[in-house]
S.K.: 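The structure is given below, and queries will be raised subsequently.
Order of the sequence lines sets the chain letters (A, B, ...), proteins ahead of strands, with each chain counted from 1.
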Number of protein chains: 2
Amino acid sequence: MTHQIKLLQNKLKQENLDGFLVTKDANIAYLSDYDSKESWLLVSQGGSFFITDFRYILEAKKNLRGIEVVKTEGSIFGCVAKLVNKLEIRRLGFESKSVSYAEFKSIKIELASDVAFISTFDFVESLRENKSQVEVSKIRKAVGINMKVLEFAKGALKPGLTEREAALRLEGFIKSRGADLAFDTIVASGPNSAMPHAPLTSRKLRLGEPVLIDIGVAFQGYRSDLTRMCFLGRIPVSFKRIYDSVLASQEAAIKNISAGKPICDIDRIARNFLNKRKLGKFFGHSLGHGVGRETHELPSISSRNKERLSSNMVFTVEPAVYLNGKFGIRIEDMVLVKKNNCEVLSGALDKSIKNWTNPSY
Amino acid sequence: MTHQIKLLQNKLKQENLDGFLVTKDANIAYLSDYDSKESWLLVSQGGSFFITDFRYILEAKKNLRGIEVVKTEGSIFGCVAKLVNKLEIRRLGFESKSVSYAEFKSIKIELASDVAFISTFDFVESLRENKSQVEVSKIRKAVGINMKVLEFAKGALKPGLTEREAALRLEGFIKSRGADLAFDTIVASGPNSAMPHAPLTSRKLRLGEPVLIDIGVAFQGYRSDLTRMCFLGRIPVSFKRIYDSVLASQEAAIKNISAGKPICDIDRIARNFLNKRKLGKFFGHSLGHGVGRETHELPSISSRNKERLSSNMVFTVEPAVYLNGKFGIRIEDMVLVKKNNCEVLSGALDKSIKNWTNPSY
């Protein structure tokens, strides 16, 4: 059995549950140390059960330790109910954000009438918020590849390439290192950079325009997410001024990160900084998000989050300014919270804005 | 407004609903002709509304025609309730497989007490089952690229390459054509091929072993899914015999496909064929699945599906034999149902088993 399942079993005791049905892939992977699909995990004090079908049985048995592999015959819902009955579970928690309404109904029908089926939120996700040393070292590996691909971008992006072609070069770099993409790559040129989640297009990179590169790496189950900007050609003063404001707002926020600080304060510091320069209204999303087994996970670094930072949280810090029809600027790094400050995991990656067509660069 | 939204509006009338909340990405894409993320679509006789947040507003407005773009302020649930109220919707359908239990609860709380919130299954999915001519031509494009990559594989796969490296070459071929992967590529060598959904490993392709390649293309919103086998070196008679059985079972099934036939019969024909050769017990999944905007969609070609085939359904036919610890064999093509027969969309792709290390091949 894994250390993580023990953490969950302890939490079940505290919350007066005697069983928990895990349906979210990332939570199953975290608890079992095994990245699976279309399978569920049932955890109780009496044991843990990985419930899967014919297609995944062989692979699951090969990879799981201390977790019994159960093959569904008929419906997965009936299989869950049988196990719940056998284990004499009377209070069964479930993940209300990762069970569809149809699944909820199907499980409820199969469960004995004296079993309470109890809706929970972020029950396993909150265990995942503070990373173990093993997890941090895996995240460092993903960040390492992510920094390398953004360094590589300097030489790989040229005027005339389409956004799609540029992304393909970057993605090839990641894949050739045995890693995968954490999410759809953004290479947004000129006015496309004003869309926070710009899709790749066949627009060509042009001289005299900025390019926003937001790219993520998935490696051995853990992820990274970084954004850098470049400029193709001489950088206009107006662009440079806003770029420097976004960068300074990011630095102000990072300087204030340490265990114990209210999360909303960190978002506010970056936002106030941009507000003072009349740029706050162009920053429409929250400052950042946790990264780990998922690209977006807890904690959410937003003005609405009243929780406090704690050690070993890992998240992005990504202030931005989006000027519709003109351009957008976003700078995104990943930090690891420490007792008295934070470590910028991507700190070695240059973030000054430069002319990438300058051969001396 | 799109033709597809008109189809849905007609179905709403038949089913006595005056509004429908679409939460599944593939259904939203089908109805709106626009591939989006993290957004919902509300359809009523009084109009259609694309509900999204700050991040996607610009792109949505640029791409949608005849559908009003609504920006969520606060929660998306409150935004839905406001629209439902404004449109005087009293019977609102929702997709019970694509709304989480948590979302269901959050919407229910926001809706006025006289609004019936009605659970539906496959409401839009069943509209998508029979493809339009435009859809078929898009699927043909994806299948075309998919056939080319499997032809390319003949020259690209060599003993000594790892499964991961081999997959990377195939994926590069697809991406360089402006297309994307429909799903995680399977390149399963030797005993790994006995896992129906084998993950990529760093196992090297070896002489004297089969390789199973299951790869899919996503192009302009539509998908394809094909599997071919190759053998590196001289093919053992025992392997060839089973390969020929799987192929013959596929051909027997395909010969019987036409509009009006019960779907379970098609599955049974392939399964009976393998049973007669004592191979049926090694074929643990259903015969196939619909393909379109999703890799897996309706119809499910299984022994449990009592529905009948109808014209313009598109699905895979993929009988298989998995011998645990030894090897697996799967052959997968895509067909288009016609009145009196079917067209094998991937029919031009050779499926005889050959020795790929033979330079004359």
S.K.: Side chain, backbone, both or neither: which part of Asp184(B) has a non-hydrogen atom closer than 4.5 Å to chain A?
M.R.: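 Contact with chain A is through the side chain of Asp184(B) alone.
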
S.K.: Within a strict 4.5 Å, meaning less than it, do heavy atoms of the Phe104(A) and Phe104(B) side chains meet?
M.R.: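 Phe104(A) vs Phe104(B): side chains apart.
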
S.K.: Under 6.0 Å from the NZ atom of Lys175(A), do we count more than 12 heavy atoms belonging to anything else shown?
M.R.: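 More than 12 heavy atoms, drawn from other residues, nucleotides or ligands, come within 6.0 Å of this atom.
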
S.K.: If every non-hydrogen atom of Ala102(B) is compared with every non-hydrogen atom of Lys97(A), which pair is closest and at what distance?
M.R.: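 So the two residues come closest at CB-CG, 3.9 Å.
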
S.K.: Please name the pair of heavy atoms, one in Tyr101(B) and one in Ser119(A), separated by the smallest distance, quoted to 0.1 Å.
M.R.: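 Closest pair (atom of Tyr101(B), atom of Ser119(A), distance): CE2-CB, 3.9 Å.
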
S.K.: Measuring from atom CG of Leu58(B) to atom CG of Asn192(A), what distance do you get when rounded to the nearest 0.5 angstrom?
M.R.: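 Nearest 0.5 Å value for the CG-CG distance: 10.0 Å.
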
S.K.: Show the nearest heavy-atom pair for residues His197(B) and Tyr56(A), with the distance to one decimal.
M.R.: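 Looking at all heavy atoms of both residues, the shortest contact is ND1-OH, 2.9 Å.
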
S.K.: Please check if the number of heavy atoms outside Lys105(B) that lie under 6.0 Å from its NZ is greater than 12.
M.R.: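 Result for NZ/Lys105(B): open.
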
S.K.: Under a 4.5 Å cutoff for heavy-atom pairs, which residue among Leu168(A), Asp180(A), Leu200(A) has the most contacts with chain B?
M.R.: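 Of the options given, most contacts go to Leu168(A).
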
S.K.: Tell me, side chain or backbone of Arg164(A) under 4.5 Å from chain B's heavy atoms, or both, or neither?
M.R.: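 Just the side chain, heavy atoms under 4.5 Å.
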
S.K.: Taking all non-hydrogen atoms of both residues into account, name the closest pair between Pro196(A) and Phe54(B) and its distance.
M.R.: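 So the two residues come closest at CG-CE2, 3.6 Å.
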
S.K.: With a 4.5 angstrom heavy-atom cut-off, which part of Lys37(B) approaches chain A: side chain, backbone, both or neither?
M.R.: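 For Lys37(B), side-chain heavy atoms alone lie under 4.5 Å from chain A.
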
S.K.: Kindly indicate whether the side chain of Glu171(B), heavy atoms from C-beta on, has any atom under 4.5 Å from the side chain of Glu171(A).
M.R.: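 Counting from C-beta outward, Glu171(B) and Glu171(A) never come under 4.5 Å.
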
S.K.: Under a 4.5 Å cutoff for heavy-atom pairs, which residue among Gly325(B), Pro199(B), Ser202(B) has the most contacts with chain A?
M.R.: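 Ranked by contacts with chain A, first place is Pro199(B).
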
S.K.: What distance separates His296(A) NE2 from Glu38(B) CD, expressed to the nearest 0.5 Å?
M.R.: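 Interatomic distance, His296(A) NE2 to Glu38(B) CD, rounded to 0.5 Å: 7.5 Å.
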
